[in-house]
Engineer: 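One structure coming up, written as structure tokens, with questions to follow.
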Amino acid sequence: MDDQLNDIVTRETETTKDILTLLADMGQTFAATQDIEASLQYAVEHIAKYVGAEAGSLFMLDDDETHLYCHACYGDVDIVGVEIGADQGIVGHCVQNIATEIVRDVTNDTRFHQGVDDESGFVTRSILCAPLSVKGNCIGAIELINKSSGDGLFDTSDLTLLSTLASSAALAIVNARMAEKLVEQERVARELELAAEIQRSLLPSGNEGLPVWGSNIPARTVSGDFFDYFELEDGRIVFNLGDVSGKGMNAALLMAKTSSLFRCLSKTIEHPGRLLGRINTEICETSTRGMFVTMVGGIFDPTTGRLRIANAGHEPPLVRDVQGNYRAIAAEAPPLGIVDDFSWENGFPVTTIDLDGGAFYLFTDGVTEGYVEDGVELGVDGVQKIIDESSTESINLQLERIVASVFGSGIALRDDLTVLGIADDLLKRPVSEDNDPTVGEKAVGDASHRQQFASLTTNSSPERLRMIRSMVTDGAKSLGFSNEVIQDLILAVDEACQNVIRYAYGGKHDGTMEIVLFSDEDNLIIEVRDQAPHVDPATIKPRDLDDVRPGGLGTHLMNQVMNSVEYLPLSEEGGNILRMIKIIS
Amino acid sequence: MKSETREESGALIISFEGDIDLQSSPEARKALLEAVGKGMAVLVDLSAVDYIDSSGVASLVESFQKAKTEHHKFILVSVSDSARRVLELARLDKVFTICGSISDALEA
């Protein structure tokens, strides 16, 4: 050992300047590289030349560490691309043991793997091999073959020299690989930032003059939450807020899709339930399994304070009345993207709420489950407390306070934070129009003290429609409805009867049709009953309004003029019952 | 329902009176399509219409589309309040050309 050391020291003294230069150059080559393969080539060439070998090759372990690949070589025979098992031959041995190997004379060593020579035609006599390892982590090995001077055989001093050079090369390679990863990470981060920018552009940018406001703060770069609102030509406001399951890029993409579908379809489908039903169908058709969206979509009329929403599996929104009482509107439909049931084609359930000067708050679970300063979850109670404390302020400020309580707590966000609020301003009511002092979604029509005050049973013939219209006119007059409203009621009943004649009885005139009028304190309830086979309400769905063609219009008209239109659950006796409700003002 | 068609200043004027409902709309549809088939501008006078339902509106839409593809004018004239209400509910008030009087329509 002392002899070897002396030998190296002697050689080192002679060539110290050279080896330092080589090490420095190699380090620099790797540090500056855009191309690790070229640097590997540089390393193997210079190391082979420096040690004085006829040939050299650099093998690296593949990702699953089962094979060694030749990435660079020096000498007459090109073996770049050659693949051997991770434990094959001298190189494999060296890598497995993370130890240098010397085979002074291959003819005396059984570990020598003849395969590469057979493939390359090279005659191997003597081998040196040193692992490329950093801190016990081996990434490959450098092998040198046949000393180019003397007897052509390597000695141990050559091995020690190679070992030194290999260590330094290994460090340079590992560093270069890390740098490459960092560059890749930065590229991904830049792309995420671009994606986030596109996402932000999908959110509304301001609320000039509108009584609605929203905010979204992603927990990561991109968000799985979204909200949107915009004003229709007639002044009504369409809005939504949703939460895609999961976080990250896949959630962000589904968010972009869902909010785009909403924005596009909401311009032609005004009924929030049918709108969400339609989006559900679209998402079910193409969505990745296991991903879903909870969402509330709705429409608000500032001139009446009336809000209509459909809730697909989302956390219940809050309604706060002017007295400060809260009501939560629970979801009546599953999240979007789970099941495409035909029965929803006619619409998810819709809840009608009259804000009457109150406000409406929508948020994602990132808000209610977000940590506030003391490390506890904000909760729905916490949200209500903040609203109560700031109820005299604008909706923007109220929501900002909610967001700040979680975002400003100093604790990292667990989930995206998204809020949306609508404030109903009684001053926005048109002066001349009488407001509907309505009962919202109070179980209209189901009241036990309702009274039947008119009914008519007739055959399913178009000739009878005139008679039905005059019966409805008389009935509605007795309840004090205005002439304009009576016109609407006539239209709705007439259209309902047409559906019975055309669809339930298929145009046959000998079926039975019964029209019954009830009233309770607040509502006129009209039921149209038939004895026909069950009708799937989805087959009488209203048309989209941009679809200018004959037909499919009746159901749309009924929905337009009545406060509620629904088919009652099918009864044992058969037949269909359509119940329509008009609130008495 | 009653309907009457007359020609005036190179246009066909078709006037309806009474209720256009499921019972009468086939007749209204026939009259409208016949008028459109003549290859002239068609003016539909709805001033005396007391009631129109979706089947009546559908007949108007069908005739309007036919006139449009054949590049003839199809104008609704003096639409009664109740007919206008239904067109508005159907959001069709922006689809049709609507004029206040026959003379306006002839100039349109």
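Chain identifiers are assigned alphabetically (A, B, ...) following the order of the sequence lines, protein sequences preceding nucleic acid strands; residue numbering begins at 1 within each chain. Just so it is clear, the model here is predicted, and its values are computed rather than measured. Just so it is clear, the values below take in all heavy atoms, side chains as well, and ignore hydrogens, waters and symmetry mates.
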Engineer: Please indicate whether D474(A) has more than 12 foreign heavy atoms, meaning atoms of other residues, nucleotides or ligands, lying under 6.0 Å from its CG.
Structural biologist: yes
Engineer: Within this structure, what is the CD-CD distance for the pair Q498(A) and Q23(B), rounded to the nearest 0.5 Å?
Structural biologist: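 The CD atom of Q498(A) sits 11.5 Å away from the CD atom of Q23(B).
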Engineer: Atom CZ of residue position R466(A) - does it have more than 12 heavy atoms of other residues, nucleotides or ligands inside 6.0 Å?
Structural biologist: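 It does not: R466(A) CZ has 12 such atoms or fewer within range.
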Engineer: Measuring only between side-chain heavy atoms, which start at C-beta, is E495(A) closer than 4.5 Å to D53(B)?
Structural biologist: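 Yes, close enough: below the 4.5 Å cut-off.
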Engineer: Decide if atom CD of E463(A) counts as having more than 12 heavy atoms of other residues, nucleotides or ligands within a radius under 6.0 Å.
Structural biologist: no
Engineer: Could you give me the CA-CA distance, side-chain angles and deciding distance for D488(A) and R85(B), then say whether side chain to side chain contact (heavy atoms under 4.5 Å, CB included) is met?
Structural biologist: CA-CA 8 Å; D488(A) 286 353; R85(B) 168 74 178 155; 2.5 Å; yes
Engineer: Measure the spacing between CG of L465(A) and OH of Y51(B) and express it to the nearest 0.5 Å.
Structural biologist: 7.5 Å
Engineer: Between V561(A) and L89(B), which heavy-atom pair has the shortest distance, and what is it?
Structural biologist: CG1-CD1, 3.2 Å
Engineer: Report the distance from atom CG of D21(B) to atom CD1 of I490(A), rounding to the nearest 0.5 Å.
Structural biologist: 11.5 Å
Engineer: Taking it one step at a time, do S55(B) and R502(A) satisfy side chain to side chain contact (heavy atoms under 4.5 Å, CB included)?
Structural biologist: CA-CA 11 Å; S55(B) 68; R502(A) 295 163 77 173; 4.1 Å; yes
Engineer: Give, as side chain, backbone, both or neither, the part of L557(A) having an atom under 4.5 angstrom from any heavy atom of chain B.
Structural biologist: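 The side chain, not the backbone.
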Engineer: More than 12 heavy atoms of other residues, nucleotides or ligands under 6.0 Å from CZ of R29(B): yes or no?
Structural biologist: no
Engineer: Heavy-atom cut-off 4.5 Å, strictly under: side chain, backbone, both or neither for R469(A) against chain B?
Structural biologist: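 Contact with chain B involves the side chain of R469(A) alone.
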Engineer: Taking side chain as everything from C-beta outward and backbone as N, CA, C, O, which of these in I52(B) sits under 4.5 Å from a heavy atom of chain A? Side chain, backbone, both or neither.
Structural biologist: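 When you check distances to chain A, only backbone atoms of I52(B) fall under 4.5 Å.
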Engineer: Grab the two heavy atoms, one from S82(B) and one from Q487(A), that are nearest each other, plus how far apart they are.
Structural biologist: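 Closest approach of S82(B) to Q487(A): CB-OE1, 3.3 Å.
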Engineer: To the closest 0.5 Å, what do you measure between CG (L22(B)) and CZ (R464(A))?
Structural biologist: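 Between atom CG of L22(B) and atom CZ of R464(A) there are 14.0 Å.
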